[in-house]
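Every number for a ligand or one of its atoms is a count from 1 in the order of the listing.
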Amino acid sequence: AGIVGILAFDQVWNVSKFLYYSLVGLQHRGYATSGVALLDGKIREKINDVPPEDLEVDIGGWAGLGYAGTRRGYPVVTDDAALVIDGVIKVDLNEFSKRLVTDPESAILSAKGAFSLIALTRDGNLIAYRDETGLRPLALGGFGFDMGIIASEPVAMWVIGGEFRREVKPGEMILMSRLNVSTKQLREPRKAYCSIEYVYQARIDSYVNESEVYQVRVRIGELLAEERPLEADVVIGVPDTALPFALGYSRRLNIPLELGFTRTGSPIRTMLASDDFLKIVGVQLKLNPVRGAVHSKRVVLIDDSMVTGTTLKNTIASLRRLGAKEVHVLIGSPKLVSPCPYGVEVPEEKELIAANLREEEIAKVLGADSIHWLSLEGLRRALTSSSLCMGCMTRSYPKVIQ
Ligand code: SF4
């Protein structure tokens with residue numbers, strides 16, 4: 001999920017538009033449902049079963065919170081505060097928000113799980129915390145000297161012309177009031193950054209978990225070229241996530257990169273789509289292959305991940321209809337074989353094609369000439385960090401406080 005909190009240091013500001021556009025900047029993290037809560041004397045909320053873009057933020061306030069994701073009912077509003085969470089938290093939220101107001105430190109230390117949290121108290125303070133694993137991202141920034149912003153990714157600040165200052169450290173709490181911003185390290189970091197953030201969750205122009213997402217993705221493309229150098233006429237990547245993979249692959253092997261797809265409508269992510277119609281035809285609704293780029297060519301098609309395989313199957317069928325001679329598929333992440341217990345949308349094992357079929361069988365089902373996933377070792381090399389969660393690819397999960 002994408003979460004954001006904004007606080008104006010002067011009450012004359014109305015932050016609702018800032019909040020709205022920040023949230024739209026985070027909708028790649030989940031768009032099935034969204035909501036905001038704004039504080040202007042009292043907390044008022046607007047929660048709808050619609051993508052952030054369609055949320056009508058017709059309430060004003062000088063501080064607010066926003067949520068974009070798959071869980072209904074966020075922000076949670078209690079008698080004491082409003083809360084948004086990315087990840088999983090085990091605590092009674094009513095009791096928790098009461099304690100957050102009186103003693104934020106002990107309240108947070110009593111919460112279990114893997115999460116990033118932003119709370120807005122009724123007396124006008126923003127409280128944020130990123131748990132000590134750092135599994136879910138969180139960043140700190142602002143808008144000049146006028147506003148403080150805390151959000152899942154810096155893009156939530158950049159899209160409204162704000163500045164990103166730094167990432168919130170794992171185990172760190174931020175307290176922001178109209179008068180000052182203070183921070184406290186509540187728990188020793190035990191970093192286990194979510195590797196899926198780099199591969200497809202974060203936006204291409206973002207900075208998460210100590211890395212530029214774009215650079216990591218180009219590097220993944222280069223490593224795919226080392227692992228599986230193919231003889232082909234053209235490389236195409238599925239926009240937007242896989243474009244840097246395709247760029248890295250193309251440069252490394254001197255195979256031309258072509259613009260293989262053009263967009264129709266808003267960039268809905270098929271993997272997160274809740275409705276079967278969208279899941280099945282989603283790819284055609286959002287992306288259409290370009291005949292001139294693939295006709296009579298041996299095509300390397302690069303995508304970011306494979307869940308059920310339905311989207312890729314449709315894409316490959318379209319490429320063949322347009323006259324592609326061969327279609328070789330490369331996936332910029334290792335095989336997804338197990339669900340995510342920390343709130344990222346990875347379905348149950350029985351739905352994950354890579355957990356159930358062998359590679360040749362998958363290539364056959366998809367109608368591809370060949371298929372290759374980035375190796376686990378390749379992903380580790382691309383990320384140059386050993387503090388990673390790779391649970392949905394290895395079935396070995398980091399320890400979180402239960
Ligand atoms: Fe990320 Fe996968 Fe770990 Fe979940 S299990 S936090 S999606 S790497």
Trainee: List every atom of ligand 1 that sits less than 4.0 Å from any heavy atom of S195, numbering the atoms from 1 in the order shown and giving each element.
Mentor: 8 (S)

Trainee: Is the F115 ring parallel, tilted or perpendicular to the Y129 ring (thresholds 30°, 60°)?
Mentor: tilted

Trainee: Tell me, please, whether W158 has R203 positioned over its six-membered ring: NZ or CZ under 6.0 Å from the ring centre and within 45 degrees of its axis?
Mentor: no

Trainee: Find all atoms of ligand 1 within a distance of less than 4.0 Å from any non-hydrogen atom belonging to C389, and give their numbers and elements.
Mentor: 3 (Fe), 5 (S), 6 (S), 8 (S)

Trainee: Determine the interplanar angle of the Y207 and F164 rings, folded into 0 to 90°, and report it as parallel if under 30°, tilted if 30 to 60°, perpendicular if over 60°.
Mentor: tilted

Trainee: What residue and atom, counting heavy atoms only, is the protein's closest point to atom 6 (S) of ligand 1, and at what distance?
Mentor: L135 CD2, 3.4 Å

Trainee: I'd like to check which ligand 1 atoms, numbered from 1 as shown, lie under 4.0 Å from a non-hydrogen atom of V344.
Mentor: 7 (S)

Trainee: Give a yes or no on whether the ring-centroid distance for F9 and F145 is below 6.0 angstrom.
Mentor: no

Trainee: With atom 4 (Fe) of ligand 1 as the reference point, say which of C194, C340, C392, S338 has the nearest heavy atom.
Mentor: C340

Trainee: If the test is side chain to side chain contact (heavy atoms under 4.5 Å, CB included), which one of L26, I160, V208 qualifies with V155?
Mentor: L26

